[in-house]
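For reference, the structure is listed below as structure tokens.
Counting starts at 1 for both ligands and their atoms, following the listed order.
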Amino acid sequence: MRRILKQITGLTWRAISGPGAWKGILLYLVVLSLQFVGVWISVRFIAWSKDFYDAIENMQADVALAQIGVFAGLTAVSAGTYLVMRWLRQQLLMHWRHRLTDRALDAWMENGAYWHLRPGLSPDAIDNPDQRVADDCRKFIDHLLEETLDLISSSVALVSYCVILWSLSSFALEFTFMGRDISIPHYMFWLAFIYVGISSVATHLLGKPLKSIVFAQERREADFRHALIQLRETATEVAQSRGEAAERRRLDGRFSGIQENWHQLLRRQFIMGLFTRPYYQTIMRVPTFFALPAYFAGAVTLGGMMQLGSAFGRVTQTLSWFIFSYRKLAEFVAVTERLDGLFKAVESPAPMPNAPCDIKRLIPNTGYIAWRDLQLCTPDGRDLCPVPDTRIEKGERIWLSGASGQGKTTLLSAISGLWPYGTGHIEAPSEEFLFLPQTPQVFAEGMAAAACYPGDPADIDPSELRAILTRVGLGHRLSGLEKTGTEGTEGLSIGERQRLALARILILRPKWVLLDEATSALDAEAEAALLGIIRAELPDTTLICVAHHAPTALYPYRTINIGTPEPLTERLTA
Ligand SMILES: Nc1ncnc2c1ncn2[C@@H]1O[C@H](COP(=O)(O)OP(=O)(O)OP(=O)(O)O)[C@@H](O)[C@H]1O
């Protein structure tokens with residue numbers, strides 16, 4: 001309980017603190033005040049019904065008419081208060097959600113957490129981070145507002161109902177137990193608390209597993225959504241390989257996970273319902289039964305007993321907030337734990353237990369890359385092929401060669417400061433590296449954004465962009481620049497994607513480029529032409545090129561072999 005309260009306050013602090021925090025807090029106070037106005041109006045309505053019916057009973061037409069005017073006024077205030085309160089509450093929801101989402105995105109993006117905290121790379125790997133950032137931030141604020149506002153206004157209402165119940169239940173319960181006369185004054189008052197106390201404990205015991213079931217449900221829903229997104233992203237591969245049946249199996253598997261957990265959820269809700277439903281239905285009647293001993297003892301009249309029953313009912317109903325909100329509270333706890341898990345994992349990510357994490361990084365004064373005594377390993381602690389000590393000067397061209405799986409891509413990750421597993425020393429400049437993978441992504445933001453990534457397309461002159469795209473052989477796709485979304489990049493072949501990625505070098509003009517089989521889908525002639533352009537235009541740029549054949553267009557280049565050298569024929573061609 002203390003842990004979850006700490007998590008809730010921690011997340012709340014993230015959402016409400018920071019510059020301009022006063023705005024959200026002020027909004028919250030206004031919403032709370034309006035909620036109190038709502039409680040006051042409902043109390044006024046109770047008094048109004050007495051005045052109105054008394055006027056009718058006493059045949060006072062003018063008073064009754066005046067009360068109709070009071071009714072209209074109260075209704076107008078009530079409706080106005082409710083609408084303004086709801087509108088402000090939605091504003092506050094977005095205000096705090098924005099702040100919390102900002103913090104979650106900062107945490108997820110800073111220091112490459114989105115890269116490090118992936119399954120297989122970290123013991124704290126985060127499942128479905130998209131769900132945590134997109135859904136859980138919203139749900140957390142939504143629950144926070146609903147539960148705290150409810151709790152505060154219920155507590156205030158409870159005090160006033162308790163005062164009424166205390167004054168109405170002045171009589172005592174008298175009985176004989178084991179030969180002794182016992183008298184419990186205000187017993188109806190104490191009974192209300194005992195009744196709700198016992199019921200709350202019963203609800204908690206029955207509903208305890210609900211939190212983890214709700215947690216699992218959200219996770220399985222997210223897994224199913226993720227599988228559908230994967231299908232969209234790999235549509236061509238699936239369609240070409242007639243993978244529909246396999247995809248259906250995968251999707252069905254994920255969906256049956258949802259169903260299985262759903263049944264557990266239903267079962268648990270049913271078990272809870274066996275208690276909470278009768279409780280809900282009897283809460284307004286049971287007070288009368290409890291008051292019967294006093295009635296039969298002549299301590300209270302029938303009218304008094306009915307009045308007492310309704311006061312008791314109000315107290316128990318307000319006290320039962322915990323019981324009635326149990327399912328929502330379970331969701332709140334599940335959302336809190338997921339979101340807190342994200343922040344905790346990012347703040348103190350643990351390395352894999354079986355792999356050394358001791359690569360020392362230095363930033364040299366002059367521009368060069370060097371490594372010595374470098375032994376990289378996989379996250380499960382397997383040593384990769386030893387890498388010979390090397391120093392790469394600015395403007396050099398390097399062919400990083402080695403058979404498949406020897407650790408070339410891993411070395412590139414280590415150079416750019418991502419790969420943590422291994423031992424040794426790496427010196428690399430602080431300037432940004434441009435990394436081009438084998439299958440570059442094209443983003444929903446369109447052709448220009450893909451060509452300038454990770455730069456901003458607004459920073460390049462459109463005519464220059466067109467000229468560069470034409471030079472890399474994408475002149476026939478220039479119309480894509482005018483189209484928005486994925487329409488402009490739809491159908492780009494892998495080779496064309498690689499051309500688009502190579503255009504980034506000409507646009508961004510970086511000092512250090514890491515090419516990981518970035519030309520593998522181009523024919524030899526196109527590869528030679530493109531690398532030739534890059535070499536001629538950017539003579540000072542260092543190119544470190546991972547490839548399974550010699551990048552002859554980069555000649556003169558230096559070869560660094562990792563593990564088994566490439567086949568002899570490749571070396572001869574070089
Ligand atoms: N997250 C990981 N978990 C476990 N093993 C990994 C992980 N990442 C890489 N490896 C392993 O590390 C080894 C080196 O991988 P890497 O991608 O660096 O090889 P490569 O030389 O670039 O191969 P290729 O030429 O086929 O691209 C491989 O055996 C790979 O399976």
Asp380 touching ligand 1 at heavy-atom level, < 4.0 angstrom:
no

Compute both the distance and the angle, then confirm whether [X] meets the cation-pi test with [Y]: under 6.0 Å from the six-membered ring centre, within 45 degrees of the axis.
X	Y	value
Arg103	Phe343	no
Arg397	Trp399	no
Arg504	Tyr453	no

[atom]: the protein heavy-atom neighbour that sits closest, reported with distance to 0.1 Å:
atom	result
atom 17 (O) of ligand 1	Thr409 CB, 3.5 Å
atom 16 (P) of ligand 1	Thr410 OG1, 3.5 Å
atom 26 (O) of ligand 1	Ser404 OG, 2.7 Å
atom 27 (O) of ligand 1	Glu517 OE2, 3.4 Å
atom 10 (N) of ligand 1	Thr378 CG2, 4.0 Å
atom 8 (N) of ligand 1	Trp419 CH2, 3.7 Å
atom 28 (C) of ligand 1	Gly405 O, 3.7 Å
atom 3 (N) of ligand 1	Pro379 CD, 3.5 Å

Check for a donor-acceptor pair, side chain of Arg477 on one end and backbone N or O of Leu469 on the other, with a separation under 3.5 Å.
no

Using modelled atom types only, decide if a donor and an acceptor are shared between the side chain of Thr470 and the backbone of Arg466 within a distance under 3.5 Å.
yes

Between Lys360 and Asp358, does any NZ, NE, NH1 or NH2 come within less than 4.0 Å of an OD or OE carboxylate oxygen?
yes

Basic-acidic side-chain contact under 4.0 Å: Glu146, Lys328
yes

Atom OH of Tyr368 and atom NZ of Lys394: how far apart are they, to the nearest 0.5 Å?
12.5 Å

Judging by distance only, is a nitrogen or oxygen of Arg382 under 3.5 angstrom from one on ligand 1?
yes

State whether the shortest distance between N or O atoms of Gly407 and N or O atoms of ligand 1 falls below 3.5 angstrom.
yes

Show the atoms of ligand 1 that are less than 4.0 angstrom away from any heavy atom in His548.
25 (O)

I want to check something: taking the side chain as every heavy atom from C-beta on, are Glu527 and His549 in contact at a cut-off of under 4.5 Å?
yes

Who gets closest to atom 13 (C) of ligand 1 by heavy atom: Leu384, Leu121, Leu400?
Leu384

